[in-house]
Amino acid sequence: MSARQKTLTKSFHIQTYTGGIKMDFKKEVANKISQLVDMELEKIMELIEIPPQSNMGDYAFPCFQFAKTMRKAPNMIAADLAGKFTTDHVVGKVEAAGGYLNFFVNKSEFIKIVLSEVLAKGKDFGVSEEGKGKTVLVEFSSPNIAKPFHIGHLVNTLTGSAIEKIYRHLGYETQRLNHIGDYGTNFGKQIAAYKHWGNDEALEKEPINELLRVYIKFHDEVEKNPSLEDEARQLFKKLEDGDPEMMGLWQKFRDLSIVEFKKLYHEFNIEFDSYNGESFYTDKMGEVVQMLRDKNLLVLSNGAQIVDLEEFGMPPCLILKSDGATIYATRDLAAALYRHRTYNFHKCLYVVGNTQALHFKQIFRVLKQMGFDWSDNMSFVGTSLVKFADRKLATRSGDIIYAKDVLDEAGEKTLEIVEAKNSNLANKADVAKKVAMGAVAYTILKNNKDKDIIFSWEDILSFEGDSGPYVQYTCVRGKSVLRKAGEMPETADYSKLITEEEFALAKLLDSFKASLKEAADRYEPFVITRHVTELAKAYNKFYNTHPIMNAEPDLKAARLHLTKSVCNVIEIGLNMIGIEVPENM
RNA sequence: GUUCUCGUAGCUCAGUAGGAUAGAGCGUUCGCCUCCUAAGCGAAAGGCCGUGGGUUCGAUUCCCGCCGAGAACACCA
């Protein structure tokens, strides 16, 4: 299960070294509190929170829990502590409000440290050591060969890729696994269909369309001619037995399909380390079945071999069908075993549609019953279902929205907008493409995975407000300013940055690290999407009220540094969720 | 039927390891381009956080019931 792990209170944690002292504002505050109250530092760190409004302070310490032991009202305690607190260059001000002790950090000190760090680290800002030496496996995308990518696959692919990139940024070794659906009795049908009606030229040109066309024809024809079913069964048997002709066709379908998939992955900068799918595990299932038998976990039920999971409140896990054939679960068990041996993973994530929650829960439980405690390190990460307002979006229903259609539609609409807004752009097509991809990826990754996505063209092609183009646009404007400013001043006097808007930006730059951690712990890319949006919003506010180019030289330099920092962090975040930023738009 | 997820503004959603006036975007209404890209910014209106209990100094947040929506539940993957 996607265990929602503890998320950290966002802290203004500073990793750069200034004057040899590691700065951590939150810790500084905690240290100071610990001198006043009888409580362990760690406990204090846990209690410290960020006030809901920034004018209340940068950190807050709730005093309610002292009320009982000290036999005093919380607001009295807070007032008392505020009186005893000594301020300095780190914590500039303390206030008691309600039962809270509110702290204000020294703004210019804070801004200085944050901007220095962002600019020094560049694209590596937020990179951490926490994942060093640990391998995280992320299984995602996993389409079926010979079948077109639909919108549901796109959701899954973007989600998995984002999670993988987030973990990679945190220093983990990652393995991107595409468990493609490349095996099963339906390939008998596919081969039969192709042998009857396939066209080699069309296959080379548009493989998936051609394969789908003959597959659909097969289903139409089989109603008139039921013997086709038998033919398909025989061909699948031949394929299983290694018949060269069948193997050749299957291999060709597989290769061409993957080439097609890669085109789409390329649009979002997605790559895989492995395309080992179902076929890869066909010869690895015997061992699993034997192990289950040896451990006396297999039970005969209605002619099939199952693992009983009743004591865990789950339906049984089917291992062998009554005809002795293996099944989905058997393959996933074999894959788990293989992955454990091959990668010795720290975590193995299954980014799969939410509908498969039970299946994976069962798999993990069976592994546990087999004595494999490493199954605790496997997590199911269920992705949103895409539905229409009135009905489920299912492959069989015919109400399919293909990924390609969504991207094409987005591309066309974007090109129109680019034409209207900035018709003298040199590379309109390229810009339109990036913006279109941005709109789609953003919409897919802006919300919690637990919620279904109700498909609407209006939402997915959104270009205003909370949207991909909004964030891209913000970054583009910032970059444009930097370009116009020419050479970046080496140094800048950050003490010139004294407005609320500038301080707010520094806070958001810093808390990006906490958001990264939270996104990883929760397996939730939307945390990044939202953070980047907040940052864009704050920058737009700043941009509209603060002159940069026309500011006096020292201030201009500082604001350019700020602008560069913001663009940098926005771009890091957007890239994680599969969005590129054009130079102009 | 069993299990799981969800129910927050007209719509789409954040928030909640219990805490200070519940936040965004869209939509609606009204402002802002002699100034760095208006795909932008500002303002207004809009909420018994599904419902009834319980625990607590304090519940939108935790627990239980109910109502409503969705999903999964063995020989498909």
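Naming convention: chains lettered A, B, ... in sequence-line order (proteins, then strands); numbering from 1 in each chain. Since the structure is predicted, the reported quantities are computational estimates derived from the model, not experimental observations.
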Exercise for the section: Please figure out whether A/Phe61 or A/Tyr328 has its closest RNA chain B nucleotide nearer the 5' end. Expected result: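 Its nearest nucleotide lies further toward 5', so the answer is A/Phe61.
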Base, sugar-phosphate or nothing for [X]? Non-hydrogen atoms, less than 4.0 Å.
X	answer
A/Asn186	nothing
A/Pro51	base
A/Thr563	nothing
A/Asn302	base
A/Pro315	sugar-phosphate
A/Ile327	sugar-phosphate
A/Leu358	sugar-phosphate
A/Tyr543	base
A/His546	base

Return all side-chain donor-acceptor pairs below 3.5 angstrom for residues 433-445 of chain A, not counting sequence neighbours, or 'none' if the list is empty.
residue  : atom : partner  : partner atom : Å
A/Tyr442 : OH   : A/Thr533 : OG1          : 2.5
A/Thr443 : OG1  : A/Ala439 : O            : 2.9
A/Thr443 : OG1  : A/Asp459 : O            : 3.3

What interatomic distance, in whole Å, is found between [atom1] of [M] and the corresponding atom of [N]?
N	M	atom1	value
B/U60	B/U51	P	10 Å
B/G25	B/G65	P	38 Å
B/C48	B/A39	C1'	39 Å
B/A22	B/A9	P	14 Å
B/A71	B/C13	P	15 Å
B/A77	B/G18	P	44 Å
B/U55	B/C63	P	16 Å
B/G1	B/G46	P	42 Å

Exercise for the section: Determine whether A/Tyr281 and A/Asp332 make a side-chain contact, defined as any pair of heavy atoms from C-beta on separated by less than 4.5 Å. Expected result: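 When only atoms from C-beta onward are counted, A/Asp332 and A/Tyr281 do not touch, as no gap falls below 4.5 Å.
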Exercise for the section: Measure the shortest side-chain to side-chain distance between A/Leu300 and A/Gln305 over non-hydrogen atoms and say whether it is less than 4.5 angstrom. Expected result: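 A/Leu300 reaches A/Gln305 side chain to side chain.
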Exercise for the section: Check whether the aromatic ring of A/Phe64 stacks on the base of B/G19, taking stacking as ring centres less than 5.5 Å apart and planes within 30° of each other. Expected result: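 Stacking between A/Phe64 and B/G19: present.
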Practice task
Kindly confirm whether the side-chain ring of A/Tyr470 is stacked on the base of B/A39, judged by centres under 5.5 Å and planes under 30°.
Solution key: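 The ring of A/Tyr470 is not stacked on B/A39.
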Can you find a donor-acceptor N/O pair under 3.5 angstrom joining the side chain of [X] to the base of [N]?
X	N	answer
A/Asn102	B/A20	yes
A/Ser480	B/C36	no
A/Thr474	B/A39	no

Problem - Runs of at least three consecutive pairs that involve RNA chain B, where pairs are Watson-Crick or G-U with distances under 3.5 Å - result: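 If one scans RNA chain B for consecutive Watson-Crick or G-U pairs, the stems found are B:1-7 with B:67-73, B:10-13 with B:23-26, B:28-32 with B:40-44, B:50-54 with B:62-66.
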Handout entry: Inter- and intrachain pairs under salt bridge (charged side-chain N to carboxylate O under 4.0 Å, His left out), touching residues 544-559 of chain A, at least two apart
Key =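 Counting only pairs at least two positions apart or across chains, the salt bridge (charged side-chain N to carboxylate O under 4.0 Å, His left out) contacts touching residues 544-559 of chain A are A/Glu502-A/Arg559.
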Problem - Qualifying residues under side-chain hydrogen bond (donor to acceptor under 3.5 Å, both in side chains), relative to A/Ser279, sequence neighbours excluded - result: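 Once residues adjacent in sequence are excluded, the partners of A/Ser279 under the side-chain hydrogen bond (donor to acceptor under 3.5 Å, both in side chains) criterion are A/Asp182.
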Exercise for the section: Name all residues meeting the side-chain hydrogen bond (donor to acceptor under 3.5 Å, both in side chains) criterion together with A/Tyr100; count only those two or more places apart in sequence or in a different chain, and write none if there are none. Expected result: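 Partners of A/Tyr100 under the side-chain hydrogen bond (donor to acceptor under 3.5 Å, both in side chains) test: none.
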Handout entry: Results of salt bridge (charged side-chain N to carboxylate O under 4.0 Å, His left out) for A/Glu500 - residues two or more places apart only
Key =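 Partners of A/Glu500 under the salt bridge (charged side-chain N to carboxylate O under 4.0 Å, His left out) test: A/Lys107.
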Exercise for the section: May I ask you to verify if any side-chain N or O of A/Arg477 is less than 4.0 angstrom from the OP1 or OP2 atom of B/A39? Expected result: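 No, outside the criterion.
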